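Just the heavy atoms: all of them, side chains too, but no hydrogens, waters or symmetry mates, feed the values below. Keep in mind that what you see is a predicted model, and the values were worked out from it rather than measured.
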Amino acid sequence: MRSDYCGDLRTADEGRQVQVCGWVARRREHGEHLAFIDLRDHTGLIQCVVDGAHELRSEFVVRVTGTVRRRPDGTANSELPTGEVEVGDCTVEVLSGSDPVPFPIDERVEVDETLRLRHRYLDLRAARLQGNLRIRASVNAALRAAMTDQGFVEIETPLLIASTPEGARDFVVPSRLSPGEFYALPQSPQLFKQLCMVGSVDRYYQIARCLRDEDLRADRQFEFSQLDLEASFVTQADILEMVGVAIGAAVSAVRNVEPGPIPHMTWREAMDRFGSDKPDVRFGLELVDVTAVFSSTEFNAFRAPSVKAICVPGGADTTRSRLDDLTDRAKRWGAKGLVWMRVEEDGINSPVSKFLSAEELTGLREATGASTGDLLLLVADEWRATCHVLGLLRLELGRPGVNEGGLQFLWVIDFPLFEAIGDDGSPVPAHHPFTMPHADDLHLLDSTEPTDLLAMRSQAYDLVLNGWELGSGSVRIHDPAVQRRIFGLLGISSDEAQKRFGFLLDAFRFGAPPHAGFAFGIDRLVALLAGEENIREVIAFPKTQSGGDPLTGAPGALDAGQLDELGLRVLPPAT
RNA sequence: GGUCCCGUGGUGCAGUUUGGAGUGCACGCCGGCCUGUCAAGCCGGAGGUCGCGGGUUCAAAUCCCGUCGGGACCGCCA
């Protein structure tokens, strides 16, 4: 039916009789007996010269039989890869007609996203999504090859599993055979991959679909894909190396460059310098600790456990309304306030400068390296709150576009084991409860001091790319005694632990190898490699921010018969 | 749970601040002309519940309240 793809024809094909199939992208009529058709398939466009095209319309599906010829002198189109040639002496068969399309299939027009999603099959015809889906496919292929090369075995794990109350909200599936009971869809294959380790698989991986019922964002969908992996008899360093190999393969499959070794940064340093556990290191505006400068200040707002500043070079001309806007944002992010200071020729211009001593102002300029023309922004609070607010402010002020600054991968290591002490007095795990404490901090497990517990580091690590958390992993606890100790600290009784994770704990009684793993989001990686700031652009059929699918109408109601069969009754909406 | 932005012929926008006739631009669509265009060109034409509901007003796309849809973000996402 077809001899060539549209986008493949070149001068080397001159003289060949070809059959090309595709969609009419554009039609240019020049009277009754000359017209040009741009024929489009997934490879690109080819111009066909036809004897009249009045019956043809945009997006008609046609098969064109003709001869490839060099275009007449002066009529080549340098914008098109196929622009040196055209298909002439054409016979056109209409294989399928088309109504006028609801939006132009043209990159140059930004169309309402609901409309694009409602007619996703049309949106997919555009080069942007065609390219993105193919980038995604080559990333998947490169990851599979890299994992296979490293001795990993691809294993599929179940989608219908038991709900565990940890982590994100589960999507649940009612059971017909056990009315009133439910499966959960996996948030990740976490427990199964650890069982694979107990089962002596040694190295497991999977491109796994994961589902979490949490609010959607530009970088979050209900459903997403992870490269999920786990290995036995390895250290954290081994896992980082293996993931680095996979990432390198994915990057070089899309770009023609190897990303090189991925630098490491401790969690503490990331928070201190960037105010985030997923720092975007493509730009400066780093946080500067100035707590010491105000150690004996008279200014109440700065009598806080942590005072930090951002110096915005050349920012002194920031307008008052913009500063007010930044202050509003800082407050919405949880700050008690935001102090701004314009560094001017004759000193510091700030609403609070009269509360500060000369020594403090001098110390501040020294600590931040601020010079005339700069803007200083300060927040004072608990250390975590200060870092958090200034970290968000930093992104607001300087974050580069998705295609700027290259690909800056970063390992964030030495995460804390616990992120806070909960209301019940038990520490709250920062990762999951199977995370191995850092070897140097194991002795703190026996401490009863909250500060000791919060100081404990874990063998957990995140991979970050340009400020996006790509994924996380950890060395797991394989020793039942340590696991019991952790559950005890978390306030999880052995009965409760047995109820929640009994099958895993049982498995660990029969010889669990030391093991560690990782998982990273393929949607996010592909989006950044494709230069997209939204993962919906690299997903064939994504959902809107409110979790709907304008194409299929999901989610929708069930009819009474289905509900009966499942033993379900729908309550009226709460008011 | 919260903050902010958007919604105007098929598409993308302007018009909303300061109320005065559905006014404008570009693309697309339909018809005609046109033998080297390429986002073809020229001429003509059709096409509107200004998201929806209520309110204020002599008068609402415009002001107010509510609601629906979309987007960005905070919370949330072990």
Residue pair A/Tyr461 / A/Asp414, side-chain donor-acceptor N/O under 3.5 Å: no
Rounded distance in Å between the P positions of B/C4 and B/G66: 12 Å
Rounded P spacing from B/C29 to B/G10 in Å: 15 Å
Base-contact (B) and sugar-phosphate-only (S) positions in nucleotides 36-48 of chain B, heavy-atom cut-off under 4.0 Å, - elsewhere: BBBBB--------
A/Gln221, A/Glu113, A/Gln545 screened by side chain to side chain donor-acceptor pair (under 3.5 Å) with A/Arg536, the one that passes: A/Glu113
Interface with RNA chain B, restricted to residues 208-220 of chain A and to heavy atoms under 4.0 Å: A/Arg212, A/Glu214, A/Asp215, A/Arg217, A/Ala218, A/Arg220
Six-ring centre of A/Trp468, A/Arg217 cation under 6.0 angstrom, axis tolerance 45°: no
Flag if over 12 foreign heavy atoms under 6.0 Å of OH, A/Tyr5: no
Separation of B/C74 P from A/Gln545 CD (nearest whole Å): 11 Å
Exceeds 12 heavy-atom contacts within 6.0 angstrom, atom OH of A/Tyr183: no
Integer-rounded Å distance: B/C4 C1' and A/Glu396 CD: 11 Å
Pairwise P distance for B/G44 and B/C5, with rounding to whole Å: 43 Å
Whole-Å distance separating the CG atom of A/Leu393 from the C1' atom of B/C74: 14 Å
A/Arg27/A/Glu29 salt bridge by N-O under 4.0 Å criterion: yes
Nearest-angstrom distance from the residue atom CZ of A/Arg116 to C1' of B/G12: 14 Å
Paired nucleotide for B/G22 [Watson-Crick or G-U wobble; both distances under 3.5 Å]: none
Salt-bridge contact A/Arg125-A/Glu107 (side-chain N to carboxylate O under 4.0 Å): no
Side-chain ion pair, A/Arg28 and A/Asp38, N-O less than 4.0 Å: yes
Separation between the P atoms of B/A61 and B/C74, rounded to whole Å: 38 Å
Separation between the C1' atoms of B/G48 and B/U56, rounded to whole Å: 25 Å
B/A59 - base-pair partner by Watson-Crick or wobble geometry, distances under 3.5 Å: none
Contact under 4.0 Å: A/Ser546 side-chain N or O vs B/G70 OP1/OP2: yes
Upstream residue (5' side of RNA chain B) when A/Pro100 and A/Glu113 are each assigned their closest nucleotide: A/Pro100
Rounded distance in Å - CG (A/Leu115) to P (B/C13): 12 Å
Flag for A/Arg329-A/Thr327: side-chain donor and acceptor within less than 3.5 Å: no
Nucleotide B/U8, atom C1' - distance to CG of A/Asp112 in whole Å: 13 Å
A/His54 NE2 to B/U35 C1', straight-line distance once rounded to whole Å: 17 Å
Close side-chain approach of A/Gln206 to A/Lys193, heavy-atom, < 4.5 Å: no
B/C64 and B/U16, which share atom name P, separated by this distance in whole Å: 14 Å
Nearest-angstrom distance from the residue atom CG of A/Asp99 to C1' of B/C29: 12 Å
B/G71 to B/G28 separation - P atoms, rounded to the nearest Å: 28 Å
Assigned partner base of B/G45, Watson-Crick or wobble definition, under 3.5 Å: B/C29
A/Thr114 side-chain N/O to B/G71 phosphate OP1/OP2 under 4.0 Å: no
Nearest-nucleotide comparison on RNA chain B, the residue closer to the 5′ end among A/Gln190 and A/Lys543: A/Lys543
Watson-Crick/G-U partner (both atom distances under 3.5 Å) of B/G36: none
Strand partner of B/G69, provided both Watson-Crick or wobble distances fall under 3.5 Å: B/C6
A/Arg118 to A/Phe103, cation-pi by 6.0 Å centre distance and 45° axis angle: no
Inter-nucleotide C1' distance (B/C6, B/G15), Å rounded: 16 Å
